[in-house]
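Beneath this line is the structure, given in structure tokens, with notes to follow.
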Amino acid sequence: MAGRPADDVLADLEALTADDGDFAGGKVFGLVFHAGHDVEEVARKAHDRFVWHNALNPDVFPSLRQMTSDVVSSMAWLLSGRGEVDPAPVGFLTSGGTESILMAVKTARVRGGLAPGRGNVVLPASAHAAFSKGCDYFGLEERRVPVGDDWRADVDATADACDDDTVLVVGSAPQYPQGVIDPIPELAAIALDRDVNCHVDACMGGLVLPFMEGLDAEWDFRVPGVTTISADIHKYGYVPKGISVILHRDRASRSRQTFSTDNWLGGSYGSSGILGTKPGGPIAAGWAVFQYLGVSGYERLVAQAVRARQRMEAGVRAVPGLTVLGQPDATLLAISGDGSGTVDPFAVDAGLIERGWRLDRQGPPDSLHATLTPIQEATVDAFVADLRDVAASVAGAGAAADRSTNYAKTE
Ligand SMILES: *Cc1c(COP(=O)(O)O)cnc(C)c1O
């Protein structure tokens with residue numbers, strides 16, 4: 001097949017987006033984190049300027065070394081109560097939350113030093129699927145512990161699930177499914193007592209909780225026993241996909257994450273994570289957006305996103321037949337039936353999709369997950385109005401045939 005004029009190709013590319021979710025219009029509650037046009041412009045320009053750079057070897061690109069160091073230090077400062085922990089945590093940028101979590105699992109396994117075939121990770125049922133992936137990849141047993149009635153990790157059950165082969169205890173701040181923060185000090189104390197790692201998954205909360213006013217939860221490096229924390233910069237950092245951070249309490253822990261070899265014909269090869277070649281664009285965009293927004297910018301955006309969650313939560317609770325699971329702590333919530341059995345959330349989902357709204361179907365229990373971003377402060381009222389209509393139209397009509405959930409798909 002012959003090549004085609006660039007304009008034609010780009011026009012076709014544009015046409016392919018016709019059925020894509022309208023995230024810039026605030027109708028997609030997840031997947032894309034949008035903070036408005038000005039932030040997007042800064043991110044896009046920085047990303048474009050570095051779109052061909054490769055962070056595989058920063059000797060060739062000192063710019064990337066500098067920006068990486070700046071972004072990691074900013075996150076270390078933020079996740080230690082704005083510099084309260086001395087010495088400061090250290091870490092690496094990764095391609096996303098999944099890679100950060102995989103590296104936390106790998107680090108814990110190396111520290112545990114057990115023979116192959118041994119080692120387990122104790123984690124609440126609510127912890128992200130990436131931990132299951134990590135256990136699968138690194139040959140560890142996954143021990144899921146049921147959560148409490150408030151959807152938070154059950155501390156006593158977690159302690160009971162640990163044994164001499166436990167290498168890692170996990171908590172989330174907040175967990176994804178219901179958006180509540182696990183009791184991190186208690187979970188970390190279990191790990192400390194056993195002299196093993198405790199990972200806090202702050203993929204969602206890392207750039208939200210530090211900016212929330214009046215938050216009553218301890219979850220960062222100020223908590224004794226917390227050894228690693230993951231935080232996604234490509235979520236509430238408002239940076240294009242491909243950037244997250246894994247932080248370690250100290251250098252000894254960080255050294256358990258890295259891999260190096262010279263056992264091939266290409267010389268010394270050292271790498272911090274799963275990737276070899278690593279895109280420069282997300283690093284530059286992360287650096288630029290941090291500089292552009294600063295602490296005050298993030299405080300403003302977090303306040304907006306939290307207000308959006310509060311409005312949506314109040315709206316949903318007032319819709320007959322529906323409720324919100326638990327008491328969400330930050331910017332996530334789950335919509336489910338209210339127990340009366342009159343309204344099926346998956347039937348509601350079908351009606352919402354017809355009106356252009358996209359949520360994430362999850363379970364158990366069957367529920368619709370919403371991730372609230374700042375621009376949705378302006379769209380939640382319209383959403384709630386549509387939700388009320390749709391719920392009324394499906395009330396008493398039984399359950400939808402399609403019970404599938406769809407957080408992530410292979411095709
Ligand atoms: C998004 C998320 C992850 C996984 O991150 P990816 O960037 O999708 O790989 C892990 N944990 C939590 C709590 C998340 O919200």
Side-chain angles (χ1 to χ4, degrees), residues 21 28-31 97-98 101 121 123-136 142-154 157-158 170-182 201 203-205 235 309 312-313 315-317 319-355 357-372 383-384 386-387 390-391 393-411:
V28 179
F29 292 98
L31 299 171
T98 299
I101 287 169
V121 175
L123 71 175
S126 57
H128 195 272
F131 290 99
S132 303
K133 192 182 206 173
C135 290
D136 185 48
E142 169 192 359
R143 290 195 180 167
R144 293 271 178 178
V145 178
V147 294
D149 291 341
D150 58 359
W151 306 98
R152 298 176 210 277
D154 179 332
T158 300
V170 173
S172 306
Q175 43 91 302
Y176 178 87
Q178 291 80 27
V180 301
I181 301 172
D182 285 328
D201 180 5
C203 281
M204 277 294 184
K235 287 182 179 156
R309 187 272 295 164
M312 184 157 168
E313 182 185 345
V316 172
R317 289 193 193 279
V319 174
L322 293 175
T323 191
V324 169
L325 295 174
Q327 189 43 250
D329 281 314
T331 55
L332 314 176
L333 62 77
I335 303 171
S336 83
D338 66 357
S340 65
T342 52
V343 177
D344 169 29
F346 291 171
V348 167
D349 185 50
L352 290 173
I353 289 174
E354 276 172 27
R355 296 176 184 224
W357 302 103
R358 299 305 298 238
L359 287 87
D360 163 34
R361 295 158 65 109
Q362 65 174 11
D366 293 344
S367 46
L368 301 177
H369 185 275
T371 300
L372 282 303
F383 170 81
V384 169
D386 277 354
L387 181 73
V390 171
S393 72
V394 303
D402 180 5
R403 307 314 295 167
S404 64
T405 53
N406 63 357
Y407 180 99
K409 292 190 156 185
T410 52
E411 61 184 32

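Note: hydrogens, waters and symmetry copies are ignored here, and every other heavy atom, side chains too, is used. When a residue number appears, it is its place in the shown sequence, counting from 1.
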Is the shortest heavy-atom distance from the side chain of [X] to the side chain of [Y] under 4.5 Å?
X	Y	result
Met204	Thr371	yes
Ile181	Pro174	yes
Ser126	Val180	no

At what distance, to the nearest 0.5 angstrom, does [atom1] of [X] lie from [atom2] of [Y]?
X	Y	atom1	atom2	result
Asp182	Asp150	CG	CG	9.0 Å
Met312	Leu387	CE	CG	7.5 Å
Thr405	Phe346	OG1	CZ	6.5 Å
Glu354	Asp349	CD	CG	10.5 Å
Phe131	Glu142	CZ	CD	10.5 Å
Leu372	Phe29	CG	CZ	6.5 Å

(request) Take Leu352 and Leu368 through the side-chain contact (heavy atoms from CB on, under 4.5 Å) test and state the conclusion after the steps. (result) CA-CA 11 Å; Leu352 290 173; Leu368 301 177; 4.2 Å; yes
State, to 0.1 Å, how close [X] and [Y] come at their nearest heavy-atom pair, and which atoms those are.
X	Y	answer
Arg309	Ala330	NE-O, 2.8 Å
Leu333	Ile335	CD1-CG1, 3.7 Å
Ser340	Gly321	OG-CA, 4.3 Å
Cys203	Gly97	SG-CA, 3.6 Å
Ala125	Pro146	CB-CA, 4.4 Å
Ala334	Pro177	CB-O, 3.4 Å

Using only atom types and a distance under 3.5 Å, with no angle test, would you say the side chain of [X] pairs donor to acceptor with the backbone of [Y]?
X	Y	answer
Arg144	Ala127	yes
Arg361	Asp366	no
Gln175	Ala153	no

(message) For a quick check under 3.5 Å, do Ser367 and Gln362 share a side-chain donor-acceptor pair by atom type?
(response)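 There is such a pair (donor and acceptor under 3.5 Å, judged by atom type) between the side chains of Ser367 and Gln362.
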(request) Test side-chain contact (heavy atoms from CB on, under 4.5 Å) on Thr323 and Arg317 and set out the steps. (result) CA-CA 5 Å; Thr323 191; Arg317 289 193 193 279; 3.6 Å; yes
(request) Count the heavy atoms of every other residue, nucleotide or ligand shown that sit under 6.0 Å from CD1 of Ile353, and state whether that count exceeds 12. (result)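 Correct, the count exceeds 12.
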(message) So that I can tick it off, tell me whether Arg403 and Asp344 are bridged by a salt bridge, with the cut-off set at under 4.0 angstrom between side-chain N and carboxylate O.
(response)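 Arg403 and Asp344: salt-bridged.
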(message) Please determine whether side-chain contact (heavy atoms from CB on, under 4.5 Å) holds for the pair Val170 and His128, giving the CA-CA distance in whole Å, both sets of side-chain angles, and the decisive distance to 0.1 Å.
(response) CA-CA 10 Å; Val170 173; His128 195 272; over 6 Å; no
(message) Run the side-chain contact (heavy atoms from CB on, under 4.5 Å) test on Leu123 and Cys135 for me, step by step, so that the C-alpha distance in whole Å, both residues' side-chain angles and the decisive distance to 0.1 Å come before the verdict.
(response) CA-CA 11 Å; Leu123 71 175; Cys135 290; 5.8 Å; no
(request) Could you check whether the rings of Phe383 and Trp357 sit parallel, tilted or perpendicular, using 30° and 60° as the cut-offs? (result)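 If you compare the ring of Phe383 with that of Trp357, the planes turn out perpendicular.
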(request) Going by the side-chain contact (heavy atoms from CB on, under 4.5 Å) test, name the single residue among Leu332, Thr331, Val324, Leu325 that passes it with Pro328. (result)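 The passing option is Val324.
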